[in-house]
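Report on one structure; see the data block that follows.
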Amino acid sequence: MYDYCIVGGGIVGLATALTITRNRPGARLLVIEKEDALGQHQTGHNSGVIHAGIYYAPKSFKAELCRAGERATKNFCEENGIPYRTPGKLVVATSEVEMMRLAALEANAAANGISCTRIGAEALTEMEPAVTGFGAILVPQSGIVDYTAICRAMAGLIRENGGEIATGVAVDRFEDRADHVRIIAGDTAFEARQAVACAGLQADRLASRSGLDADFRIVPFRGEYYALRPELSGLVERMIYPVPDPALPFLGIHLTPMIDGSLTVGPNAVLGMAREGYPKFSVNAADMSSYLRFPGFWKLIAANLASGIGEMKDSLFRRAYLEKCRKYCPSLQLEDLRPYRAGIRAQAVSREGKLIHDFTVLRSRRVLHVCNAPSPAATSALPIGGMIYDRLHAAD
Ligand SMILES: Cc1cc2nc3c(=O)[nH]c(=O)nc-3n(C[C@H](O)[C@H](O)[C@H](O)COP(=O)(O)OP(=O)(O)OC[C@H]3O[C@@H](n4cnc5c(N)ncnc54)[C@H](O)[C@@H]3O)c2cc1C
């Protein structure tokens, strides 16, 4: 019998497991991951940005966890010898409308306690000669890291603290019993006093198969990137972001100097046809039917038809994608964009057709299900782990 079982070896599950092993030395803990290695889904297919937290609604979990997470991630990297850099981020306005949105974003950042510097058009081009715009804000604390390197270090620490990690084991469901929970994985069953499901793209399935009323659906949103040709990897020093459209939850196609020295552009946000199919045009009939049968999906589509079609156009036509980047980096050419991996966001959608923005959990008697851990949950993973730990022990 384990004291704790964590299902899902992405960064949220590992941060939760690490927090438990640190706070409960001697407790028996098992992490179960269905893939043969850790961090293979969202955690291993993201932009690698350590966000500062300028975008999120003040006092939301996202805002508070991101601010704490930015510091916690950098401290974790320092303590464990993981390379990270803090090049800072410029959010660049390329129209008068975006200048107004930029002012609102600056005010939001201030409300979240994050100091940014306003940069004029001329100073912007002096700082980043390849970038043009009406103006920008500089967020100096934004950083970059490889989140799979963080996962590897977390796994090492979990094992050092006595925890066990089983990979290649897919959990079907949880069965609550009076004083424990059975974790069913094919012909095998594990038993634990408490469990936490951090299943990312499979969160709704695991919750509903375990008998919970999961009144949301995970809809996969692909984030497609390009890598700039290697000669251009020094084109910008900082991350360059557009001003996001406040009506949309995604941050827009940005230039990101990666920790491995390459420069990527992306991601877009196009409806996916498979939750875990990374090549373009991957289709999974069960994944599609799961959202097509959900009324919230159709309400979401009806309300966001124009932006959805725009994203699809960017996905299908490299030139349309390029035009988005050329708004702030006009020298980029079609031949500069090289294929690069895609990521798939686990976006929870409500029955009312709303994208759920904040961190969300569901509970049965002995299992806490993390249902929505969207970006910046890689940045925020350590404080999310702390919050989950507190919730598990709230009744102690
Ligand atoms: C394109 C993209 C860009 C992003 N950029 C950033 C960024 O720059 N900065 C940032 O902070 N965040 C970013 N994010 C968000 C961030 O990556 C995620 O919020 C975070 O990785 C979520 O971690 P997770 O552990 O919840 O999910 P995941 O990493 O998806 O892990 C879930 C794990 O559960 C396992 N699992 C699922 N079902 C089962 C089962 N039945 N049995 C056993 N195991 C199971 C899966 O195999 C998987 O390993 C981005 C995300 C995407 C997709």
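Counting starts at 1 for both ligands and their atoms, following the listed order.
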- Item | Contacting atoms of ligand 1, where contact means under 4.0 angstrom from a heavy atom of Val7 | 42 (N), 43 (C)
- Message: Suppose we measure from atom 13 (C) of ligand 1 to each protein heavy atom; which comes out shortest, and what is that distance?
- Response: Ser375 OG, 3.3 Å
- Task: Dump the intermediate steps for side chain to side chain donor-acceptor pair (under 3.5 Å) on Glu164 and Tyr2, then the final yes or no.
- Result: CA-CA 10 Å; Glu164 295 170 40; Tyr2 289 93; 2.8 Å; yes
- atom 44 (N) of ligand 1: nearest protein contact (heavy atom, Å): Lys34 N, 3.1 Å
- Message: For atom 32 (C) of ligand 1, what's the nearest protein heavy-atom neighbour? Residue, atom name and distance, please.
- Response: Cys198 O, 3.4 Å
- Query: Non-hydrogen atoms of Val169 versus ligand 1: any pair closer than 4.0 Å?
  - Reply: yes
- Item | Protein contact of atom 34 (O) of ligand 1 - nearest heavy atom, named by residue and atom, plus distance | Gly8 CA, 3.3 Å
- Message: For atom 4 (C) of ligand 1, what's the nearest protein heavy-atom neighbour? Residue, atom name and distance, please.
- Response: Asn46 CB, 3.1 Å
- Message: Tell me whether Arg345 has any N or O atom under 3.5 angstrom from an N or O of ligand 1.
- Response: no
- Task: Before giving the answer on side chain to side chain contact (heavy atoms under 4.5 Å, CB included), spell out for Tyr84 and Ile150 the whole-Å C-alpha distance, their side-chain angles and the decisive distance to 0.1 Å.
- Result: CA-CA 10 Å; Tyr84 78 96; Ile150 294 188; over 6 Å; no
- Is Arg351 salt-bridged to Asp215, cutoff N-O under 4.0 Å? yes
- Polar-atom distance check: Val49 versus ligand 1, any N or O pair below 3.5 Å? yes
- Message: Measuring only between side-chain heavy atoms, which start at C-beta, is Ile218 closer than 4.5 Å to Ser290?
- Response: no
- Message: With nothing but distance in play, are any N or O atoms of His45 less than 3.5 Å from an N or O of ligand 1?
- Response: no
- Test of proximity, Tyr225 against ligand 1: N or O pairs below 3.5 Å: no
- Message: Would you say that Ser210 contacts His369 through its side chain, given a criterion of any heavy-atom pair below 4.5 Å between the two side chains?
- Response: yes
- Message: Give me the nearest non-hydrogen protein atom to atom 31 (O) of ligand 1 as residue plus atom name, then the distance to 0.1 Å.
- Response: Gly10 CA, 3.4 Å
- Could you see which bit of Val370 sits under 4.0 Å from ligand 1, with heavy atoms only: side chain, backbone, both or neither? neither
- Answer with yes or no whether the side chains of Glu224 and Ser315 bring together a donor and an acceptor at under 3.5 Å. yes
- Query: Any idea which atoms of ligand 1 are less than 4.0 Å away from a heavy-atom of Glu35?
  - Reply: 47 (O)
- Which of the listed options, Gln42, Glu33, Gln40, His41, holds the heavy atom that is closest to atom 49 (O) of ligand 1? Glu33
- Message: Is the positively charged end of Arg217 above the ring of Tyr291, judged by distance under 6.0 angstrom from the centroid and angle within 45° of the axis?
- Response: no
- Item | Verify same cluster id: Leu251, Val219 (apolar side-chain graph, 4.5 Å) | no
- Query: Parallel under 30°, tilted from 30 to 60°, perpendicular over 60°: which one fits the rings of Tyr278 and His41?
  - Reply: parallel
- Task: Ignoring angles and geometry beyond distance, decide whether Gln202 reaches within less than 3.5 Å of ligand 1 through its nitrogen or oxygen atoms.
- Result: no
- Item | side-chain hydrogen bond (donor to acceptor under 3.5 Å, both in side chains) contacts in which one or both residues fall within residues 97-122, not counting sequence neighbours | Thr94-Glu98, Glu106-Arg118
- Going by the atom numbers of ligand 1, which of them fall below 4.0 Å from some non-hydrogen atom of Ala170? 42 (N)
- Message: Check this for me: does any side-chain nitrogen of one of Arg205 and Asp287 sit under 4.0 Å from a carboxylate oxygen of the other?
- Response: yes
- Centre of Phe190's six-membered ring, under 6.0 Å away, within 45 degrees of the axis: is that where NZ or CZ of Arg182 sits? no
- Query: At a non-hydrogen distance cut-off of under 4.0 Å, which region of Ala342 contacts ligand 1 (side chain, backbone, both, or neither)?
  - Reply: neither
- Message: Polar contacts were defined as any N/O atom of the residue lying under 3.5 Å from an N/O atom of the ligand; does this apply to Ile11 and ligand 1?
- Response: yes
- Item | Within reach of ligand 1, part of Pro374 (heavy-atom separation under 4.0 Å) | backbone
- Note on the structure: The atoms of ligand 1 lying under 4.0 Å from a heavy atom of Ile344, numbered in the order shown, are 53 (C)
- Task: Determine, step by step, whether Arg24 and His393 satisfy the side chain to side chain donor-acceptor pair (under 3.5 Å) criterion, reporting the C-alpha distance in whole Å, the side-chain angles of both residues, the deciding distance to 0.1 Å, and the verdict.
- Result: CA-CA 11 Å; Arg24 299 271 157 147; His393 297 282; 3.3 Å; yes
- Tyr55 and Tyr241 aromatic ring geometry - parallel, tilted or perpendicular at 30°/60° bounds: tilted
- Note on the structure: In terms of heavy-atom contacts, Pro220 and Ile344 come closest through CB-CG2, 3.6 Å
- Query: Does Val171 reach ligand 1 with a nitrogen or oxygen that is under 3.5 Å from one of the ligand's nitrogen or oxygen atoms?
  - Reply: yes
- Query: Do any N/O atoms on Gly39 end up under 3.5 angstrom from N/O atoms on ligand 1?
  - Reply: no
- Query: atom 21 (O) of ligand 1: which protein heavy atom is closest, and how many Å away?
  - Reply: Thr43 OG1, 3.0 Å
- Examine Val12 against ligand 1 and note whether any of their N/O atoms are separated by less than 3.5 Å. yes
- Task: State the atoms of ligand 1, each with its element, that fall below the 4.0 Å cut-off from a heavy-atom position in Ala377.
- Result: 19 (O)
- Hey, which atoms in ligand 1 end up nearer than 4.0 Å to a heavy atom of Gly48? 8 (O)
- Looking only at protein heavy atoms, identify the closest one to atom 19 (O) of ligand 1 and say how far it is in Å. Ala373 O, 2.8 Å
- Item | Contacts of Asp336 that satisfy salt bridge (Lys or Arg N to Asp or Glu O under 4.0 Å) - sequence neighbours left out | Arg229
